[in-house]
Amino acid sequence: MWKIKYHGKERPIAISASWNDQYEDLFFEEGPLEYSYYFDAPDAWKDKNVRLYFGAVNTKSKVYLNGEPIGSNGIGYLPFECVAKSLKYGATNEIRVEVENKLSRDGLPSGRMPGFERGGNFPPANFDFFPYGGIIRMPYIEVRSKEAILDVNVKCNKSVPSKKSGVVDIEVETTQECMGKDIEVSIGDLKSAKKITSSSENFHFEIKNAHFWELEDPYLYEVKARILSGDKLIDEYKIKTGIRVITLDDKHLLLNDKPVKLLGFGKHEEFPVEGQGTFKPLIIKDYDLLKWIGANSFRTSHYPYSEEWLDMADELGFLVIDEAPHVGLEKYHYENAETFNLCVDDIQNLIDRDKNHPSVIMWSVANEPDSAYPKSDEFFKKLYDTAKSCDPTRPVTMVSCVPFCEKSGGPDVAMKHFDVISVNRYYGWYNHQGKIDEAEQLLSDDLDELYKKYRRPIILTEFGADAIAGFHSNPAQMFSEEYQSEYIEKLFEVTDKKDFVAGIHVWAFADFKTAQNVHRPLFNYKGVFTRARDPKMAAHTLKKLWRR
Ligand code: BDP
């Protein structure tokens, strides 16, 4: 069992969960808190490479093995690993992880913005979800031989769906110790082998009659890389991936050369008690509800989710916009080199982690930054270039709410850099409150204007209204289930008539916990499901619209 130390007091704590909701006195705690865990390392590990892998620790940590510092992380929601250099073999070892979740202006996602003491959120988050802390994804000890495969990168963007021709390039990275050994790589029934002469070896496959990964038939191929010395297997690396091509024309997103419209949600990875941890029954449940309602897609707003989410999306045939944890960027951040470097690292780390998932069809570099501020132009151009240089095979977007939520005034200056125009709009909620008819016209005109300006596919990445389950009104009024249902139905119909709208995501899938402020009675109630996953009236409405 892991233990957590707080003010000198040590208690059991569950990991792959946030600390906040496990003990009353930790609810608002920002740390640093000290986690500890003991494990035995057998002598047999002596000639191996041993590393500690952390799926995500929110948000900053320092890792110690037997009292020696072995690594750290500066941002949550993404993995990092530490070489176990102070490991004791044939003995018990102590891992200590000092975790801090203090919101700061420089941190990402950021908090404690100027003026927060006089009426900002509490905790002082500069974003609309609860800032949960802790070891939120399961860490593991990785024990591998010195001759090992480090990574496999599969690219299939040159495939030709109309000819059923799968063109797959596979790059395999190995340790220096593998030089001169044999490597064998296979995809499905095809196999190729060579001697290792470089730390990165490339393999090219042409698969006739390829079984493409489609929404209705998400077929996965097994890719296997093996290092051999004669007949002896030294290391093996297996992944499942799909052959599929994502492209764009000026109006559509194309999956295997056929237009596909994204129907789904922005959501959060959070639940009572576990906070932002990985809770597998919830993942299964959410996918079951996504299928039930007729959705085919979601955005990992506003940070990367645990990998289990993407494994399921690959297997079930869902399309994912994978978002970096960059929410609430503004003037201050564009002038701060540290924030820029953090953003670049995150994008690289995110793409490195998720690159082989066929379900991931697009990268989002940020949610609702102040992209009207002049310096955001260059900032986002560089983030776009970073994403493209890591992965030229997928479109890259930035989710914008300008001109509605910019602080600096003026029109957006950064959206032009992105392949897909993603916008969040709340006509009929934050503006033109209670007036759904006006909202329809305003949304329609706004989308037309955007298309006229950019001539690129548009995704309405957020629109929504709070509804407290059990609140009813006739006529439909704000916060009632009727209002949310009518609002979503009417605005969906507006988007459905426009062929350049490549997707719509309702905000949000389920109600979620936020920091305290006068707009949020404990939760954000824009979910079409409650936090416990019961459908509101709007969920039934969407089911009718999306499954018709
Ligand atoms: C959008 C944000 C999202 C919020 C939502 C809301 O992207 O994080 O939760 O508004 O206000 O601006 O419900």
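Order of appearance sets the numbers: ligands from 1, and atoms from 1 within every ligand.
- Protein residues having at least one heavy atom under 4.0 Å from any atom of ligand 1 are Asp128, His302, Asn367, Glu368, Asn424, Tyr426, Tyr430, Glu462, Trp507, Phe512, Arg520, Asn524, Lys526, listed by chain and number.
- Salt-bridge formation is not detected for the pair Asp322/Arg394: no Lys NZ or Arg NE/NH1/NH2 atom is positioned less than 4.0 Å from an Asp or Glu carboxylate oxygen.
- In the displayed structure, Glu24 atom CD is contacted under 6.0 Å by at most 12 heavy atoms of other residues, nucleotides or ligands.
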What verdict does the side chain to side chain contact (heavy atoms under 4.5 Å, CB included) test give for Phe80 and Ser61, after you've listed the backbone C-alpha separation in whole Å, the side-chain angles of each residue and the deciding distance to 0.1 Å? CA-CA 10 Å; Phe80 65 99; Ser61 74; 3.5 Å; yes
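- Pairs of residues two or more places apart, or lying in two chains, that qualify as salt bridge (Lys or Arg N to Asp or Glu O under 4.0 Å) and include a residue from residues 416-444 are Asp377-Lys416, Lys388-Asp419, Arg425-Asp446.
- With sequence neighbours left out, Lys526 forms a side-chain hydrogen bond (donor to acceptor under 3.5 Å, both in side chains) with Tyr430, Asp466.
- With sequence neighbours excluded, the residues that form a side-chain contact (heavy atoms from CB on, under 4.5 Å) with Pro259 are His252, Leu254.
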